[in-house]
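Presented below is the structure to which this report refers.
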Amino acid sequence: MATGKINVSVENIFPLIKKFLYSDHEIFLRELISNATDATLKLKHLASIGEAKVDYGNPMIELKVDKEGKKLHIIDQGIGMTEEEVKKYINEVAFSGAEEFLNKYEDSGKDAGIIGHFGLGFYSAFMVSDKVEIITKSYTDEPAAHWSCDGSPKFTLKKGKKEDRGTEIILHIADDSTEFLEENRINELLRKYNKFMPIPIKFGTKTETLPKPEGAKEEDPAPTQEVDNIINNPTPAWTKQPKDLKEEDYKSFYRELYPTQFEEPLFNIHLNVDYPFNLTGILYFPKLTNDLNIQKDRIQLYQNQVFVTDNVEGIVPEFLTMLRGVIDSPDIPLNVSRSYLQADGAVKKISSYITRKVADKLASLFKNNREDFEAKWNDIKIVIEYGMLSEEKFFEKADKFALYPTVDGSYFTFSELQEKIKDNQTDKDDKLVVLYASDKEAQHSYIEAAKAKGYEVLLLDSPIISHLMQKLETSKEKLSFARVDADHLDNLIQKDDTQISKLSDEEKENLKTNLEEVIKDKGYTVQLEAMDSAASPFIITEPEFMRRMKEMQQTGGGGMFGMGNMPEMYNLIVNTNHELVGEILNTKTAKKRERLINQSLDLARLSKGLLKGEELTNFINRSYDMIK
């Protein structure tokens, strides 16, 4: 039997490992099962090239809990190790990583998840164990080896009694980690980290119901048998070629990923690239709402089918973090800090690739089945609009598939919209004016007035639309957006309106004076306009710039402009050709004129959604009095 002392530069590496990784100590199981998987896959490769003269068979990794003996066993049927290999890989190679770890981190507790980055995967076992044993036999004819270490730098290494190839790791669980002797806890960790490992993982047995034998009575119980309880799916959908999968396969895998999610995804995007980096995966578009606080972090990141994290910020573009699915890349380190990931060149290329792939898929879906794409638009628009705002390359590609729906349920691409409105929706500066509503019900009267003049009105109601409109206005030539109840609409109406005012200049001046006397304390700027006599007598609009700044402020954009709360500013557009306006002008008594003006103004405010509280109550009471 050999004994020795592991060569490290401090007296005891293990308490330091435990200290630095305590918050993440459950990863020990992931690391040890990853090692067992690697050992099994190495044997498979050697057998396939004829270097290992063994029957590879159907190996699995098995876990056993000995609660009474406070032991956890992890057993594989992989390549195994000779005594010399144990000396090399356990006592020398891993601890060269240990020295690097200590040099960098002995004075700081940051970046807790870096143990695998330094080749310390096996030694994560000491985060939960007082003692660790390795009993291993190589696939060669060399005798078995038995290594043991009690958490100090000292170890023992002797011949083992193991007869079959592979490795068994025995963890003697420490008193502060007995949770890892509970079957439910082990089950939880296996399903979290190892659900899709490429080698079957057995943990206990389960009862399986068998078909009833021929001639059995209906009341006879069906026979059962105990079978191995395989925790994982070694061949998940993302490891297969898209041509080998049907639509139902993708849906089935979605249900496997999210068993509590009852709604089916709208569509999926299969990622499969091997140059200039390796990446596979499947992303799903779920039904989304306009809620920007929607749950993110539903995409799972894997490295060679080993779960790493579901916080994919920095790897997946931010606008796609609202999607669901899996990304697997061996080029993403298993245990590194977030800052390392964000600075890594390969990770940045992966992010760009995913953006491009998603854009191409959306363009393809739109081209191949526009009707279906339009039907799904409201469920996916928040992701696309967010992507157009945050990713320049996505913004450029989105011209092919981004839709602009009208209040009447038609859908246009931007080029189609441009062609549709170019002849009758331009302002005095020859800018194309895109009219839109943000609330079809609240802005109904404004929508109807615009439609009566032959204008096309879009329905743009997502919470980030103000930001997107600003980007579109700066990136497209001679373009402006105006909400259907905004003052910018006046410029458009003035240009095309051929109405002549029924009032003389003197009458207009008197009318404006009368109006301003009554509403002087209410903050409205009075504008007299000659419109169709059937149009509303009073219309309230809001300066487009101020209104949009307020909207952007509400969705987090206000801070960019260094502004506090934006003031309330409204215009009162008075139709000089309306009969009621003529009556206001010609009323003999000031009291009646004031009542007509207040009633007309409140009706306009009610239409705009500005009449609330006490003012609304007063308006209702006044209306009843007028009816009486």
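These numbers were taken from a predicted model, which means no experiment stands behind them.
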Is there a donor-acceptor contact under 3.5 Å linking the side chains of Q443 and S438? yes

CG (L479) and CD (Q418) are apart, to the nearest 0.5 Å, by 7.5 Å

Smallest separation among heavy atoms of L460 and Y404, with atom names: CD2-CD2, 4.5 Å

For the residue pair R605 and Y524, confirm or rule out a side-chain donor-acceptor distance under 3.5 Å. yes

Smallest separation among heavy atoms of L515 and L528, with atom names: CD1-CD2, 4.2 Å

dist S466:OG -> L389:CG (nearest 0.5 Å) comes out at 10.0 Å

Partner of F373 under ring-ring contact (aromatic ring centres under 6.0 Å, His included), picked from Y411, F267, F285, F366, is F366

Electrostatic pair E517-K512, nearest N-O below 4.0 angstrom: no

Do Y250 and H270 have ring centroids that are under 6.0 Å from one another? yes

Are Y446 and E448 close enough that a side-chain donor and a side-chain acceptor fall under 3.5 Å? no

Report the relative orientation of the aromatic rings in W238 and F253; use parallel for angles under 30°, tilted for 30 to 60°, perpendicular for over 60°. tilted

S536 side-chain N/O to I539 backbone N/O, donor-acceptor pair under 3.5 Å: no

Between the main-chain N or O of K422 and the side-chain N or O of T426, is there a donor-acceptor pair closer than 3.5 Å? no

I'd like to know if K195 and E256 make a salt bridge, using a cut-off of under 4.0 Å between side-chain N and carboxylate O. no

If you count the non-hydrogen atoms of other residues, nucleotides and ligands that lie under 6.0 Å from NZ in K476, is the total more than 12? yes

Check K612 with E615, please: is the shortest side-chain N to carboxylate O separation under 4.0 Å? no

D602/K608 salt bridge by N-O under 4.0 Å criterion: no

Sub-3.5 Å donor-acceptor pair from the side chain of T587 to the main-chain atoms of E583, do we have one? yes

For E509, look at atom CD and say whether over 12 heavy atoms of other residues, nucleotides or ligands are found less than 6.0 Å away. no

Salt bridge or not between E264 and K287? Use side-chain N to carboxylate O under 4.0 Å. no

As a test of understanding, state which of K393, K367, K397 forms a salt bridge (Lys or Arg N to Asp or Glu O under 4.0 Å) with D360. K397

Does any N or O in the side chain of K440 come within less than 3.5 Å of the main-chain N or O of V407, such that one atom is a donor and the other an acceptor? yes

N369 side-chain N/O to L365 backbone N/O, donor-acceptor pair under 3.5 Å: no

How about CD on E416, more than 12 heavy atoms from neighbouring residues, nucleotides or ligands closer than 6.0 Å, or not? yes

Are E263 and R324 ion-paired here, with the side-chain N under 4.0 Å from a carboxylate O? no

Between R595 and D625, is the closest basic N to carboxylate O distance under 4.0 Å? no

Within a radius of less than 6.0 Å around NZ of K376, do more than 12 heavy atoms belonging to other residues, nucleotides or ligands occur? yes

Restricting to non-hydrogen atoms, name the atom on T413 and the atom on D399 that form the minimum distance, rounded to 0.1 Å. CB-O, 4.4 Å

Say whether, by atom type as modelled, one donor and one acceptor occur between the side chain of E516 and the main chain of V526 under 3.5 angstrom. no

I'd like to know if R370 pairs up with E374 as an ion pair, taking the criterion as any Lys NZ or Arg NE/NH1/NH2 lying under 4.0 Å from an Asp or Glu carboxylate oxygen. yes

So that I can tick it off, tell me whether D408 and K451 are bridged by a salt bridge, with the cut-off set at under 4.0 angstrom between side-chain N and carboxylate O. yes

Heavy-atom pair with the smallest gap, counting every atom of V316 and L320: CG1-CB, 3.6 Å

I need the N571 CG to T541 OG1 distance, nearest 0.5 Å. 4.0 Å

Which of these passes salt bridge (Lys or Arg N to Asp or Glu O under 4.0 Å) with K471: E391, E392, E385? E392

Does E477, at its CD atom, have more than 12 non-hydrogen atoms belonging to other residues, nucleotides or ligands within less than 6.0 Å? no

With F319 as reference, evaluate F395, Y386, F394 under the ring-ring contact (aromatic ring centres under 6.0 Å, His included) test and give the passing residue. F394

Looking just at side-chain N and O atoms, do Q599 and S623 make a donor-acceptor pair shorter than 3.5 Å? yes

